[in-house]
Amino acid sequence: MLFRLQDEFRVTNLARSVNPALSTLRDRLHEVRARMSRAAERSGRDPAAVALVGVVKTVPSAVVREAVALGLMDLGENRVQEAQVKVGEVGRRAARWHMVGHLQRNKAGRALELFDRIHSLDRMELAESLSRMAVAAARRLPVMLEVNVSGEASKHGLAPDDLLRLLEPAAALPGLEVDGLMTVGAPVDEPERARSGFDLLRRLRDRAQDALGLRLPHLSMGMSGDFEVAIEEGSTMVRVGTALFGPRA
Ligand SMILES: *Cc1c(COP(=O)(O)O)cnc(C)c1O
C-alpha cells in the first residue's frame, strides 16, 4: 500500500533518499534498488536496463567490501589516488570500477589500470592518451563523454555545442569504445527540476547518433537526489553515493 502511494505521488526527494529508518547497508541497497525498479516500470522501461553504480568516494574499504558481498557489482570513484588505495584493498576484480570524476592526462595510465570504464572523458588529448595506452595493453576501454547540461561554470564537461567536435574523432580511436554520454546535474532542491537537464542529455545523444551514425546506448545520469527522474528520462547508469552509504564527512 505504501509503495503504491509513493508511486502515485512520485515522492522522489533527497530527504527520502537518506532514510534514517533504514539503518543497515543491506536495507538501503534494497530500498535504492526497489526505487530504481519502480521508476523504470512507471516509465515503461526494463528495470534490468539500469545499472546501479555505488559511488564509494570517502567510504571505508571495509564498508565497500560489505556492499560487494551484498551484490553491488559496480563501484564509482572520482579520484585516481583514492581509487588506487581502495581498489588495492577491495580487489581489482571484486567489482567493475568506474571513474566518474575529472581525470588529468598524467593519470591516464593509472586510470586505465584501475578502471573498467571512464564516465568523464571531456577532451581530445585525454582521449588520445587513454587510447594509446589501451592499445598497448591490448584493451578497448569503454568511455562516455561528459556533457555540462546545466551550463554552470564550475562544472566539468563539454558544452552541448562542442559534443560532436569531440565525439567524432574520439569514437574513431582504436583503444576506446565510446558508447554513451554522462552528466552531473545541477544540485536541485526538487528532483523534478533536474528533469530538463536529463531530457537534454538524452536528446543530445539521439542527435549525435543520427548525425554520426554511432551507437550510444548508455546515459550515465542521476545521483542520490534525482536518480528516479533520471531513470524516467532514460538513464542506464545511476551513480549513487549518499543514499547507499550516508552523508560524506
Ligand atoms: C559523488 C558523486 C556522485 C554521487 O553523489 P550522491 O549525491 O552522494 O549520490 C555521483 N557522481 C559523481 C560524478 C560524483 O562525484
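Atoms within a ligand are numbered from 1 in the order they appear, just like the ligands themselves.
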- Query: For the side chain of R193 and the backbone of A186, is there at least one donor-acceptor N/O pair under 3.5 Å apart?
  - Reply: no
- Message: Given H98, R248, M182, M223, identify the one with the heavy atom nearest to atom 10 (C) of ligand 1.
- Response: M223
- Ligand-residue contact atoms, ligand 1 with S224, heavy atoms, under 4.0 Å: 6 (P), 7 (O), 8 (O), 9 (O)
- Would you kindly confirm whether V59 and M223 end up in one hydrophobic cluster when ILVMFWY residues are joined by side chain heavy atoms under 4.5 Å apart? no
- Message: Need the ligand 1 atom indices (1-based, order shown) with element for anything under 4.0 Å from a heavy-atom of K57.
- Response: 1 (C), 2 (C), 3 (C), 14 (C), 15 (O)
- Counting both backbone and side chain atoms, is some N or O of G241 under 3.5 Å from an N or O of ligand 1? yes
- Distance filter under 4.0 Å to V100 heavy atoms, resulting ligand 1 atoms: 12 (C), 13 (C)
- Item | Pair T24, D27: side-chain N/O donor-acceptor within cut-off below 3.5 Å | yes
- CG (L163) and CG (D161) are apart, to the nearest 0.5 Å, by 9.5 Å
- Message: I'd like to know if the side chain of T236 reaches the main chain of A49, judged simply by a donor and an acceptor atom lying under 3.5 Å from each other, with no hydrogens or angles considered.
- Response: no
- Item | Expected output: side-chain E146 to main-chain L158 donor-acceptor under 3.5 Å | no
- Under 4.0 Å from a heavy atom of T242: give me the atoms of ligand 1 that qualify, with their elements. 6 (P), 7 (O), 8 (O), 9 (O)
- Atom indices of ligand 1 within 4.0 angstrom of R239 heavy atoms, with elements: 4 (C), 9 (O), 10 (C), 11 (N), 12 (C), 13 (C)
- Short list, please: which atoms of ligand 1 are under 4.0 Å from a heavy atom of V240? 9 (O)
